[in-house]
Structures are given as C-alpha cells and as structure tokens.
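In what follows, chains are A, B, ... by sequence order, proteins preceding strands, each numbered from 1. Here the structure is a predicted model, which is why all the values come from computation and not from measurement.
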Amino acid sequence: MSWENYMPYIYAIFAPFALALFGIIYGLVLKGFDRKLAAHMQWRVGPPLRQPFYDVLKLFEKENIVPKNAVPWIFNSAPIISMGALILALLYLPIGPFNPVLGNYGDLIVLLYILALPGLAMMLGGFSSSSPYSAVGAQREFIMILSYEFPLAIIIFTFAWKYSILYPNLKAFSLLTFVEHPLWQNVGILGFIGLLILLITMLVVTTGEVGRMPFDIADAGTEISGGALLEYTGKNLGLFYLADAVKIVVMGTLIITFFFPYNLSSLLLHYFSLPHYAWLTIDFLFYLLKLFIISFVVVTVMRVAFPRFRVDQVVKFYWGYATLASLIALSLIVLDTVGGV
Amino acid sequence: MSWEEIIKDYNPTIQRERRIWVNIPKDKVYDILQNLKNEGFEHLSSLSVTDWIDEGKFEITYHLWSYKFKVLLTVKTKIDREEAKIKSIYPIYDRSAWIHEREMHELFGIEFIGNPDLSPLFLEDWNEKPPFRKDFDWREYVRSKYYNKENEREKAYWEVWLK
Amino acid sequence: MVDMDKKVMARKMGRLIRSIWIFNWFNSCGVTELLPVVASIYDMERFGLIVVDNPKHADVLIVGGYQTEKSIKRVIRIYNQMPEPKAVMALGSCTITGGMYWDSYNTIKRLSDYIPVTIYVPGCPPRPEAVFQAVGMIFEHVNQLKKEVKGK
Amino acid sequence: MIHIETSSGYWYPIIMLIAFIISWLIAYLIWRRGEKSYKKNTEEDDVFFAGNPPPQGELAHIKGNNLGWGFVEALDGFYNGMKRMHNGIINDYVGWFIGILAFVLIIIILWGGAI
C-alpha cells in the first residue's frame with residue numbers, strides 16, 4: 001500500500017475538524033446577518049451580529065432536561081446524528097475554490113442520502129420525547145421530508161441526465177463534473193429558461209429543507225408551541241441550533257455547486273497576476289459572498305415576506321407547483337439538447 | 001298556538017318596544033320553554049339568577065330571542081333559596097343552556113337536574129359557600145385567606161376594613 | 001435560583017443576560033403594553049431578547065397581570081418546567097399587591113407567595129420603558145455579581 | 001478498498017463510515033461541553049402540556065394513521081378518485097386488467113422491435 005492509497009483515510013480523519021469549524025462559524029455568522037437584515041426589513045434595529053454566538057453559549061449553559069418517559073439514548077443522540085451528518089455533508093461538498101475533500105470517493109447520490117439524515121434525526125428526536133406536541137411536530141417533519149425530496153430528486157436527475165449527454169466519458173453524478181462544467185454556457189435558449197426555473201425551484205426547496213418561515217411547519221412556534229424540538233433544552237437544543245446554522249451553509253453550497261460554480265480568479269486572471277494563494281483567498285471570499293446572497297434570498301426574504309403555510313398547503317406546493325416547475329424545466333432542457341444542439 | 005297565547009294567562013308586561021317580561025311558576029317553566037322554542041324563540045341569549053335574600057328566593061331569568069318575531073322574551077321564575085333545584089333546560093337549548101347552567105351552579109349553587117356536566121368552571125377546588133350568594137361575606141373570606149394580621153404591611157388592610 | 005456557588009452562577013447568568021429568551025404568561029392586562037416592546041419602536045430584540053413559545057426553551061418567565069386561583073396552578077407548573085438558570089419578571093401592580101383586585105375572592109395577591117420572583121415591574125399596565133428598566137436592572141445585578149466574583 | 005462503481009457514480013463506504021464516525025465524534029465533543037445536570041423526577045422533566053398535567057398512557061400517543069395527515073389532506077383529490085375506483089365490483093377490476101393488457105400488447109406489437 002503506497003502512500004497514495006492512504007490519502008483518502010487521512011482526509012476522512014482530519015478534514016472534518018476543519019470543515020466543522022468553518023461550517024459552524026460561518027453558519028452562525030449567516031444566522032446573525034439573517035436576524036439583523038430581517039429586523040431591518042421590519043423597520044427594527046435587530047440584534048447585534050454576534051447574537052447567535054451568544055445564544056449558543058447560553059444554551060450550552062442551561063440544564064439539559066430529558067423528559068420522564070422519553071427514550072433517553074435516542075433523545076440525546078438525535079442532535080449528535082444531525083450535526084454529524086451535516087459535517088459529513090460538508091466533506092462531500094466543494095468549498096469555494098477547493099474540490100470536495102472526499103470528491104472522488106462519493107457522489108451526489110451519497111450526498112442526497114446524507115442530507116436526509118438531519119431531518120430524520122429531528123423526527124427521531126420529536127417522536128422519542130414522548131410529548132404530544134413534539135409528536136405532531138415530528139409527524140410534520142416527516143411530511144416536510146416527503147414533500148421537498150420530490151422536486152429535489154427531479155432537479156438532480158435533470159443535471160445528471162444533461163451531463164451524461166454532454167460528457168459521456170465523465171461520471172454524471174460526480175460532484176467534480178458539476179464543478180468543472182457549469183451548464184449555463186453549453187445550453188441553448190430553451191435550456192437557459194429551463195435552468196432558470198430549476199434555480200427558482202431549488203431555492204424554494206432549500207427554504208423547505210432548512211425549515212424556514214413559510215415552510216417551518218415542523219417547529220411551528222405559535223401552532224404547536226415548539227414542535228419537534230419542544231422538549232429539548234440546554235446543550236441538546238444548542239447542538240440543534242448549531243446544526244441548523246451549518247445546514248444553511250450546506251444547502252447554500254449545494255446551490256452554488258449546481259448553479260454558480262464560477263470563480264473570480266478565472267475572470268481576472270489575465271488582468272493582473274497574483275501568487276496562487278492570493279487567488280485562492282479571493283475565490284474563497286467570493287464563495288462566502290455567494291453563500292451570503294443565497295442565504296439572504298432563501299432565508300431572510302422568504303422569512304420576512306411569507307406567513308407560515310398550512311401543512312396540506314406545503315404538500316400541495318411541493319408536490320404540485322414545485323414538481324410541475326421542475327418537470328417543465330426538465331422537458332425544456334430535454335427539448336433543448338435533443339432539438340437545439 | 002302562537003307564543004302570545006302560550007304566555008297570555010301569565011300576564012306578560014311589555015317592558016319597552018319588543019321587550020316582554022313574563023313570570024312563570026317553577027313547575028310550568030320547562031314545558032313553556034319547550035313550546036316557545038318550537039314557536040320560534042330558538043336563541044337562548046342568556047340565563048341569569050338574582051338572589052332575593054330577604055324573600056328567601058332565587059329568581060332565574062331566561063332571555064329568549066326570536067329571529068322570526070324580533071322579540072326578546074324574558075321568562076322569570078322563582079325557586080326556593082335553601083333547596084335550590086330546577087329542571088335543566090339542556091334537552092331544549094342544548095350547549096348554550098349547559099354552559100350557563102354550569103356557571104350558575106358554580107356561583108349560586110343551584111342544582112340543575114338533568115344537566116350532563118356541572119363541574120366547576122372558574123373556581124377550581126372551591127369549598128366555600130358559592131360566592132355570588134348574598135350571605136357569603138367575601139370581605140371576611142379575602143381577609144382571612146390572603147391577608148394575615150402579623151404582616152406589618154398588610155395591617156393597613158385590616159384597619160381599612162374595620163371601619 | 002438554585003443555590004449554585006457564586007462563581008458558577010456568575011458565569012451562567014453572565015451568558016444568560018446576553019441572550020434572554022422570554023416565555024410570556026399574559027392572561028391579563030400585561031400584554032397590552034408588552035406588544036410595543038416586541039414591535040419595531042422599542043424592539044427588545046436589540047438586547048437579544050426573543051419571545052419563545054414554551055417554557056422549556058425559555059430563561060425568563062414574564063407573568064403579566066393578575067393571576068386567578070386556577071391560573072396560578074399553571075404558572076407554578078410552568079415555572080418548574082423551565083431549565084435552571086431562570087428568572088421571573090412579575091409585570092403590573094396586580095402581581096405586587098393584587099392591584100385593582102386587592103379584595104377579590106378569586107385572584108392571588110402577591111406572586112412571590114407562589115413562585116420566587118426576581119423582579120417586580122409596577123404599573124397598571126407597566127409602560128415598555130419600565131420593562132426595559134427592569135431588564136437593565138437584571139443586567140446590572142449580574143454584572144455586579146460578576147465583579148464580585150472576579151474581585152475575590 | 002471495496003467500493004461501488006457504476007457508469008455514472010461511485011461510492012466508497014468505508015471512507016464514508018470513517019468520516020461519519022469522526023464527524024459524529026466532533027458533534028459528541030461539542031455536545032459534551034454543555035451542562036449535564038438537571039433535576040431528575042421533579043416536575044421539571046414533565047412534558048410541557050400548556051401548564052396542565054401531561055396526558056398519561058393512551059392519551060399521550062399519536063397514532064400511526066394520522067402520521068400522514070397533511071399528505072392525505074393535500075392529495076385528497078387523488079385519494080377520493082382512487083377510493084371511487086376501488087368500489088369492490090370484481091368486473092370493474094377485471095375490466096381494467098384487460099384494458100391495460102390490451103394496451104400493452106398493442107404497444108409491443110407496433111414498436112416491439114424498436115424498444
């Protein structure tokens with residue numbers, strides 16, 4: 001076994017620490033911006049930007065209550081699974097200019113399964129806490145997963161199908177092909193419109209996946225007073241809070257790999273030359289900016305603009321309109337490739 | 001048999017335009033209310049009790065409103081204060097009668113026979129005399145329950161009430 | 001407040017005051033004046049205060065206005081269900097002396113006979129500025145506690 | 001290193017397992033730093049039920065059939081249609097069966113070779 005074969009194991013062992021740090025810190029920063037901008041949109045002053053950090057510090061100081069007839073080991077491990085799955089997802093995602101750490105050891109389908117884990121963990125937590133409110137919350141989380149996975153699957157299938165046509169020798173589902181060959185250039189007019197529709201559907205699916213206002217039926221504050229995360233206090237809730245912050249980063253990165261994998265350096269390269277690491281930092285900052293804009297659109301604007309939907313409206317929306325939109329986009333792209341090219 | 005004939009021989013008094021009072025003896029109330037409901041007085045807007053302590057009587061008033069005739073008919077009946085029992089009008093007016101009677105039972109201690117559920121509404125585990133009765137001295141009750149004599153600050157309350 | 005030792009208490013409260021999550025128990029006059037506190041003019045979120053919807057997530061329980069015999073039982077249970085470093089803010093003069101209902105047979109006269117109250121906010125109903133002054137007092141109390149601990 | 005390789009994707013389970021254990025470990029480390037104690041078996045770890053004593057036994061369980069409430073509610077157009085179709089009359093079912101069979105046969109005959 002030469003040195004080369006051990007590379008993936010070393011990545012798998014050391015990369016999670018760095019990525020977890022990045023995910024948590026930038027996730028909380030995004031949450032801070034989100035609350036500040038939402039407040040300004042509502043003509044309020046809003047909390048300081050470092051408020052999520054204070055929230056987490058406080059939550060880790062509070063008592064960690066486990067309800068009397070809850071199932072303790074599921075109850076306590078749910079937040080850990082949720083957080084672990086999200087850190088794992090970061091490993092398979094391209095962070096800014098860098099290729100995904102485990103890029104050639106797992107493709108998009110693996111990522112899709114990992115992304116289902118946080119929702120599952122929240123559901124587990126809700127059901128295991130033996131409270132009627134959180135059982136209803138967990139049941140709603142189950143419906144959320146069912147409803148937003150459908151359009152998400154169609155979007156991923158569209159991309160994979162397109163890549164399998166354009167680059168038959170490459171692996172269609174591998175994230176590396178997604179990053180190296182963005183679809184915007186080699187697609188005709190019809191395909192361009194199809195991609196736009198896909199982008200909008202993906203944004204809407206991300207709001208559902210992150211569980212923000214129009215689709216936060218799972219932990220609906222006013223209706224079921226806290227929903228699935230009702231019985232969680234102290235560090236369990238703190239970990240769920242962190243997981244929620246990292247989830248925004250993960251979902252934002254997913255959108256970036258699909259639709260905006262461009263780097264600033266490729267554009268400015270021939271204007272002035274900079275050492276390699278300078279380009280990397282510029283690209284990384286550009287990636288952070290892209291992530292901020294996506295989080296602003298997906299989380300803050302939706303949160304301020306829309307009231308919460310009813311449970312059946314959410315299902316109708318995802319299985320009806322979002323799926324229809326992604327199917328239309330799929331057919332447009334198919335027409336474009338089959339007819340146009 | 002229109003509603004005027006039903007209450008004719010109990011000499012109803014016209015209070016003012018579209019407001020009629022009528023006093024009916026206790027044992028006839030149930031049948032009269034049944035007939036009135038069939039006639040068109042289907043809205044029992046409220047049921048209230050007045051405590052005539054010197055006469056030793058509770059006076060129960062049923063306020064009936066009819067959408068057809070646009071008339072508010074107030075049926076009054078007097079029951080004895082000690083063993084305060086009357087037949088419940090739950091079978092006639094159903095839910096609205098149930099909630100009113102439950103409240104009257106809690107505050108006056110009137111026994112409505114036939115009401116499915118007379119559990120306490122506002123005063124959970126209240127073992128005193130029903131509070132709205134005139135002979136219940138609420139000042140004494142509040143003073144003994146909430147304000148004790150030793151507490152320096154609360155002495156003022158005791159002086160206020162002594163006068 | 002459970003009698004943890006001073007240093008732990010100072011650390012815990014120090015972190016708590018920067019992000020206070022409030023569970024409000026408004027079943028009387030308290031709520032009318034507290035809506036502007038949440039709204040954009042006074043905006044309590046500036047200080048990191050948010051209203052949460054169940055006692056398990058909350059740090060401060062705001063009991064607004066008079067409590068009847070029936071509702072005080074619920075308040076006691078909700079107070080017990082809050083995780084530990086917690087505080088109670090009693091709003092309105094009804095919780096201090098029974099206020100307008102000082103001689104009513106049904107309301108309780110002083111909240112601290114039933115649950116330990118951290119701070120009373122007089123007023124009927126108290127103005128939003130009074131609420132902010134109360135929160136400010138909690139801040140000072142905790143800072144003074146921290147200074148004391150650091151001073152040793 | 002065992003792995004799954006298809007024409008369009010690949011997956012190395014062992015590496016993912018290691019990575020997941022490490023990430024789970026990180027999450028556990030973060031989790032452990034928090035406050036552990038709480039007052040056991042007092043009223044504190046009762047379930048929050050809006051101030052009332054929590055429901056016991058049978059009342060507290062949310063039954064399985066209302067797990068998909070929102071779903072059935074949203075797709076009730078589809079479900080009602082389905083319920084109408086499953087009316088239990090055997091010749092309706094046989095009718096559908098033969099219809100679909102004929103349809104499939106026609107497809108095979110016409111484009112048998114092409115597919």
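Of the two parts of A:F14, neither the backbone nor the side chain holds a non-hydrogen atom closer than 4.5 Å to a non-hydrogen atom of chain D. Within the 4.5 angstrom heavy-atom criterion, atoms from both the backbone and the side chain of A:I65 approach chain D. If you measure heavy-atom distances from A:K62 to chain D, the contacts under 4.5 Å come from the backbone alone. If you measure heavy-atom distances from A:Y92 to chain D, the contacts under 4.5 Å come from the side chain alone. Only the side chain of D:P55 comes within contact range of chain A, with at least one heavy atom under 4.5 Å from a heavy atom of that chain. The contact between A:F17 and chain D is made by backbone and side chain atoms together, counting heavy-atom distances below 4.5 Å. Neither the backbone nor the side chain of A:S82 comes within contact range of chain D; no heavy atom of the residue lies under 4.5 Å from a heavy atom of that chain. For D:I15, the parts sitting under 4.5 Å from any heavy atom of chain A are the backbone and the side chain alike. In this structure, chain A has no heavy atom under 4.5 Å from any part of D:I21.
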Distance-only donor-acceptor pairs under 3.5 Å for side chains of residues 101-120 of chain A, two or more places apart:
residue : atom : partner : partner atom : Å
A:D107  : OD1  : A:I109  : N            : 3.2
A:D107  : OD1  : A:V110  : N            : 3.3
A:D107  : OD2  : D:Y10   : N            : 3.3

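When side chains are defined from C-beta on, A:V66 counts as touching D:Y38, because their heavy atoms get closer than 4.5 Å. When side chains are defined from C-beta on, A:N169 counts as touching A:Y167, because their heavy atoms get closer than 4.5 Å. D:H86 is listed as a side-chain neighbour of D:Y93, based on a closest heavy-atom distance under 4.5 Å. Contact annotation: the side chain of D:F71 never approaches that of A:F142 to less than 4.5 Å [non-hydrogen atoms, C-beta and beyond]. Looking only at side-chain heavy atoms (C-beta outward), D:I14 and A:Y9 come within less than 4.5 Å of each other. For the pair A:D312/D:V72, no side-chain contact is recorded, criterion being any heavy-atom separation below 4.5 Å from C-beta on. When side chains are defined from C-beta on, A:P100 counts as touching A:L176, because their heavy atoms get closer than 4.5 Å. With a 4.5 Å cut-off on side-chain heavy atoms, D:I98 and D:V94 count as touching.
Ranking A:L91, A:I81, A:I13 against chain D, the residue ahead of the rest is A:I13, based on heavy-atom pairs under 4.5 Å. Contact count against chain D (heavy-atom pairs under 4.5 Å) is highest for A:I80 among A:N64, A:I80, A:V311, A:I24. Of the residues considered (A:R310, A:Q139, A:K171), A:K171 shows the highest number of contacts with chain D, using heavy-atom pairs under 4.5 Å. In terms of heavy-atom pairs under 4.5 Å with chain D, the best-connected choice from A:P67, A:A15, A:G84, A:A243 is A:G84. For chain A, the option among D:W31, D:W11, D:W24, D:Y12 with the highest count of heavy-atom pairs below 4.5 Å is D:W31. In terms of heavy-atom pairs under 4.5 angstrom with chain D, the leader among A:M83, A:K68, A:Q313 is A:K68. In terms of heavy-atom pairs under 4.5 Å with chain D, the best-connected choice from A:A160, A:A135, A:P132, A:S134 is A:P132.
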Would A:F178 and A:F173 count as a ring-ring contact (aromatic ring centres under 6.0 Å, His included) if you check the C-alpha gap in whole Å, the side-chain angles of each, and the deciding distance to 0.1 Å? CA-CA 8 Å; A:F178 273 77; A:F173 278 107; 7.8 Å; no

Steps toward side-chain hydrogen bond (donor to acceptor under 3.5 Å, both in side chains) verdict (D:S8, A:S164): CA-CA 8 Å; D:S8 59; A:S164 66; over 6 Å; no

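The ring of A:F317 has its center closer than 6.0 angstrom to the ring center of A:F215.
In this structure, the separation between OG1 on A:T177 and OH on A:Y163 is 6.5 Å, given to the nearest 0.5 Å. Atom CG of D:L101 sits about 14.0 Å away from atom CH2 of D:W96, to the nearest 0.5 Å. For the atom pair A:K316 NZ and D:E73 CD, the distance stands at 7.0 Å (nearest 0.5 Å).
Side-chain atoms of A:T323 come within 3.5 Å of backbone atoms of A:Y318 as a donor-acceptor pair (strictly under, hydrogens ignored).
At a heavy-atom cut-off of under 4.5 Å, chain A is reached by D:T42, D:E44, D:D45, D:D46, D:V47, D:F48, D:F49, D:A50 from residues 42-52 of chain D, listed in order of number. Scanning residues 233-241 of chain A against chain D with a 4.5 Å non-hydrogen threshold yields A:K235, A:N236, A:L239, sorted by number.
Applying the salt bridge (charged side-chain N to carboxylate O under 4.0 Å, His left out) test to residues at least two apart or on different chains, the pairs with a partner in residues 122-149 of chain A are A:R140-A:E223.
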